[in-house]
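We count ligands from 1, going down the list as the structure has it; atoms in each ligand are counted the same way.
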Amino acid sequence: MSFTLINGKFIASIIKEDIKIEVEDLKSKGINPCLAVILAGDNKASEKYVSFKEKTCLELGIKSVIFRLSEGIDEEEIHKLIDELNHNPSINGILVQLPLPRHMNQNNILQKIDPLKDVDGFTPYCLGRLLIDNPLFIPCTPKGIMRLLDAYEIQIEKKHAVVVGRSIIVGKPLSLLLLRRNATVTVCHSKTEGLKEITRKADILCVAVGVPNFITADMVKDGAVIIDIGINVTNYGKVVGDVDFESIKEKASYITPVPGGVGPMTIAMLMENTVYATKLQKGLV
Ligand code: GUN
């Protein structure tokens, strides 16, 4: 069976072009979108993601301010910083890069963010709005995945979507988004029994577990749409996803590569959310 490669890098580049024009338009009105990013600790992957975000902001004319904080910093200091950013009218979006150092309480930190500046959509307010079918900011990776499915005109309604992973960053919000589009959704996780029997029933299989080759060809139905959300670095420094791409592509109808699939969409959606936050705060939407 021949498969279609879902080119996230290309779709993201089109979206970014539109955002760039929108940013120019805002700037011509004297409005300068600005994203604040808080990076605590020295997680190598997080540093890389944050530098991608910084670079993309620069490309699109969005100002970014990165707060690099040491691993051992007191949680109170982050609360104070978020308070300041919440009250600073020149800051439009606030993003706390996850994971946070282990001694910190992620929930207490995230819920400090002003929901109107919550460009990641991780505050209880934004996640609650998503749950009641009235979203404000939608988390970037799930939002990007839905955009990819739509860009390739992949049917969602009435399909069986299986989401492997239940994180706040991907699994839970993605399940809600698929449900909103009338998919029948099954959420699996590390304690799921008989995973293979479930994934084999998926018309759309979305995987976010962070383990290379976690999904093998025997776990996939012929003709399935495969969305690989994993970003793993092998011992040889190669970036790979969570699915065994080479063997699965023969069975798939559509499949995302890693890199170049979901990853670029996450960043494009963050830029989109930042521009939306700016317009919201300026009363333009
Ligand atoms: N860590 C991995 N993905 C993300 C994301 O989308 N946002 C934040 N804040 N942290 C992450």
Side-chain angles (χ1 to χ4, degrees), residues 8 12 15 35-57 62 64-69 71 75 78 81-82 85-86 91-102 104-115 117-127 130 135-148 163-177 206-211 227-233 239 241-242 256 258-259 261-274 276-277:
I15 294 170
L35 172 68
V37 177
I38 300 174
L39 172 59
D42 41 23
N43 182 307
K44 290 277 166 291
S46 289
E47 278 172 25
K48 212 176 239 176
Y49 298 149
V50 167
S51 71
F52 278 139
K53 290 169 185 176
E54 195 176 11
K55 191 175 134 256
T56 311
C57 280
I62 296 172
S64 66
V65 201
I66 317 292
F67 295 87
R68 290 186 166 81
L69 311 175
E71 179 88 20
E75 192 177 314
I78 301 197
L81 174 58
I82 293 174
L85 297 170
N86 281 343
I91 300 288
N92 306 109
I94 303 171
L95 179 150
V96 176
Q97 187 64 30
L98 301 177
L100 283 160
R102 269 208 277 204
M104 293 184 186
N105 183 321
Q106 179 177 304
N107 284 337
N108 286 349
I109 290 175
L110 292 179
Q111 69 192 21
K112 275 262 158 201
I113 299 171
D114 178 347
K117 297 190 177 184
D118 178 21
V119 287
D120 248 337
F122 294 158
T123 57
Y125 181 83
C126 282
L127 288 168
L130 180 57
L136 179 59
F137 293 104
I138 296 174
C140 303
T141 301
K143 187 180 182 193
I145 291 168
M146 300 308 287
R147 282 293 181 84
L148 281 181
V163 177
V164 188
R166 54 175 156 179
S167 69
I168 290 298
I169 298 176
V170 184
K172 284 198 185 98
L174 178 59
S175 312
L176 292 173
L177 291 172
C206 306
V207 191
V209 290
V211 179
I227 305 294
D228 189 349
I229 305 143
I231 303 179
N232 310 292
V233 183
V239 176
D242 290 347
T256 58
V258 177
V262 173
M265 293 299 288
T266 297
I267 304 212
M269 294 301 103
L270 174 64
M271 301 297 118
E272 192 174 274
N273 282 355
T274 302
Y276 186 74

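With hydrogens left out, the protein atom closest to atom 4 (C) of ligand 1 is I169 CG2, 3.9 Å, a heavy atom. Shortest contact from atom 11 (C) of ligand 1 to any protein heavy atom: Q97 NE2, 3.4 Å. Nearest protein heavy-atom contact of atom 8 (C) of ligand 1 is D120 OD2, 3.3 Å.
A heavy-atom distance below 4.5 Å is found between the side chains of N273 and C140. M146 places a side-chain heavy atom less than 4.5 Å from the side chain of L174. Using a 4.5 Å heavy-atom threshold, the side chains of I15 and M271 count as separate.
Close approach to L95 involves these atoms of ligand 1, each under 4.0 Å from a residue heavy atom: 9 (N).
The option from L98, I94, V96 that lies nearest to atom 1 (N) of ligand 1, judged by heavy atoms, is L98.
Of the possible polar contacts, none joining the D120 side chain to the P139 backbone as a donor-acceptor pair under 3.5 Å is found.
Here CD1 of I94 is found 10.5 Å from OG1 of T123. Values are rounded to the nearest 0.5 Å.
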